[in-house]
Colleague: 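Supplied in structure tokens, the structure appears directly below.
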Amino acid sequence: MTYEPVIGVEVHAQLQTQTKLFCSCPTSFGLPPNTQVCPVCLGLPGSLPVLNQRAVEMAVRTGLALHCDMTRANQFSRKNYFYPDLPKGYQISQYDLPICGPGWLEISVKGKSKRVRIMRAHLEEDAGKNVHDEGAEGSHVDLNRAGTPLLEIVTEPDLHSSDEVDAYLKTLRDLLVYLDVCDGNMEQGSFRCEPNVSLRPQGQETLGTKVELKNINSFRFAKDALEYEMNRQAEILREGGVVVQETRLWDVNKGQTAVMRSKEAAHDYRYFPDPDLLPVTLDPEWIEELRQTIPELPCSRLRRFVQDYQLSEYDAAILTDSKGLADYFESCVKFFPHPKTVSNWVTGELLRELNTSGTSAEDSPVCPDRLAELLQLVDSGTVSLKVARELFPELYSTGMTPEQLVKEKGLIQVSDEGQLTVIIKEVLAQHQAQVEQYRGGKEAVLGFLVGQVMKASKGTANPGKVNELLKHSLTS
Ligand SMILES: [Zn+2]
């Protein structure tokens, strides 16, 4: 029996606001515990939450980019549960009236595009953090994070493989980063995902029992955890067993999932509208205003790169994979209007250095105008392409200008006929046998001789000129 996996994904994206969702405490991290708190986010009696307009704005912009239904009124509800990092004893979230209704996101898996339906997206506050330091006495609670705005984005169970989930997560993260609503940093927890997966016999309509996966903070883990879980469930079903509905944790070290808790149903949380917060009604004019602020999104940018710059789909996809790299490319093309050449350098030399040093395109020590300067030197024949390629890593590590570096290293391309002729004469004198072969009709030897001249000039000779002059000396 073969089984079809049915997967849905919940993503918690931390919105990049300056302050928390219901108070004016800063959202900055890495500060001493419990220093970014006030009566509201500490949940002290008598304090009242005030909704952060910027967070609503970011939720609306995300909803619009996800083609969500935004016309409804929405409302905050209390999700009641007890946990030490939740000082109020409830989390302010949205339940039956989320800010973003149904929408969709287009993803591409192995060249095939597919629409993933978004069920909803809602605003909620983050909880604090329990700290269990080894060696310390007892556990501690840090509430700096409590009240940080999150947007929870939930899909319909439209995904059917770990590859599709991977594509969905990457596309969604790119989108949020492009929109400037989330920094997409998975390690710091600003983009967290919780996939749920069930199996059903191939061809069956009814869904199987689903298991939710937690503690996933990298694309790799999402893939590994899903693969593990699909195999685990298939094994149970094949042996005639029953999959239990539960939440499981991904253990990175063991490479397996383990039970965290049996799944709660919504009624366990006793949701009810938060009496301290008014329902939010979005003004259609404001929605339209926000629509205008949505930048060009990755998929349309990719299409434009193919059309306007005549790039291959493959190159355009690499360039638009991150907003920073796409911006870098376009800015470089402004200085050096040969898109194909720029694309080759950005996806080749530049990306190699960025990946090796773990730097983003925005922080590249070689800025777009510097790269353009180097390409200009190649274009004008001042340096050869080969030399330019070899120089790039040094340009990247030293921060010098291309012209400084070329001058300092004496790598200016030699096109002067007098200088080249001297080298050519020497080379021909040293390789009499090859000269005879060429003159006897074996023209392929020319390549060898060009190579010798290039070597003798330490790569600075202009290859076109060398070719021309060599032919001339050999036939005269
Ligand atoms: Zn506060």
Side-chain angles (χ1 to χ4, degrees), residues 10-63 74-95 97-100 121-133 136 138-153 176 179-192 217 269-282:
E10 288 176 14
V11 162
H12 285 92
Q14 186 193 315
L15 299 176
Q16 276 180 300
T17 53
Q18 299 287 317
T19 56
K20 294 183 180 179
L21 189 52
F22 300 112
C23 62
S24 54
C25 291
T27 49
S28 35
F29 291 125
L31 295 162
N34 300 311
T35 54
Q36 316 298 304
V37 291
C38 73
V40 175
C41 53
L42 286 176
L44 299 187
S47 64
L48 284 172
V50 177
L51 180 58
N52 182 336
Q53 183 177 340
R54 191 68 71 184
V56 178
E57 208 175 286
M58 290 181 177
V60 171
R61 294 174 73 241
T62 308
N74 64 91
Q75 187 167 46
F76 287 94
S77 290
R78 291 185 180 180
K79 181 180 183 182
N80 298 280
Y81 67 97
F82 175 78
Y83 207 63
D85 64 7
L86 192 70
K88 295 192 292 291
Y90 62 84
Q91 176 193 25
I92 306 179
S93 180
Q94 296 190 307
Y95 181 50
L97 293 171
I99 185 159
C100 308
H122 66 257
L123 281 165
E124 64 183 27
E125 58 176 348
D126 205 351
K129 208 171 94 184
N130 291 332
V131 187
H132 316 283
D133 278 336
S139 290
H140 297 90
V141 182
D142 177 7
L143 294 173
N144 282 353
R145 194 190 266 274
T148 302
L150 302 176
L151 187 66
E152 179 174 334
I153 303 163
L176 299 177
L179 288 170
D180 247 341
V181 301
C182 174
D183 67 15
N185 190 324
M186 293 184 89
E187 278 160 24
Q188 287 176 14
S190 13
F191 185 90
R192 292 172 254 167
N217 60 357
Y269 291 117
R270 294 167 291 123
Y271 280 100
F272 64 88
D274 193 311
D276 290 341
L277 287 157
L278 289 167
V280 180
T281 311
L282 300 171

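Counting convention: from 1, in listed order, for ligands and their atoms alike.
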Colleague: Quick test of your reading: applying side-chain hydrogen bond (donor to acceptor under 3.5 Å, both in side chains), list the pairs with at least one residue in residues 16-32, sequence neighbours left out, ordered by first then second residue.
Modeller: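 Found Thr19-Asn52.
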Colleague: We want to know whether Ser190 and Gln14 form a side-chain donor-acceptor pair, criterion being a heavy-atom distance below 3.5 angstrom.
Modeller: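 Distance-only check fails for Ser190 and Gln14.
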Colleague: Quick one: which residue pairs count as a side-chain hydrogen bond (donor to acceptor under 3.5 Å, both in side chains) with a foot in residues 138-150, not counting sequence neighbours?
Modeller: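 Found Asp126-Arg145, His132-Ser139.
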Colleague: Charged N to carboxylate O below 4.0 Å: is that the case for Lys129 and Asp85?
Modeller: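 Looking at Asp85 together with Lys129, the answer is no, because their closest N to O distance does not fall below 4.0 Å.
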Colleague: List in chain and number order the residues that pass ring pair (Phe, Tyr, Trp, His ring centres under 6.0 Å) with Tyr90, two or more places apart in sequence or in another chain; answer none if no residue qualifies.
Modeller: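 For Tyr90, no residue satisfies ring pair (Phe, Tyr, Trp, His ring centres under 6.0 Å) once neighbours in sequence are set aside.
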Colleague: Could you grab the protein N, O or S atoms closer than 2.8 Å to the Zn ion (ligand 1) for me?
Modeller: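 Cys23 SG, Cys25 SG, Cys38 SG, Cys41 SG, with waters left out.
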Colleague: Less than 6.0 Å separating the ring centroids of Phe76 and Phe22?
Modeller: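 Centroid distance Phe76-Phe22: below 6.0 Å, so yes.
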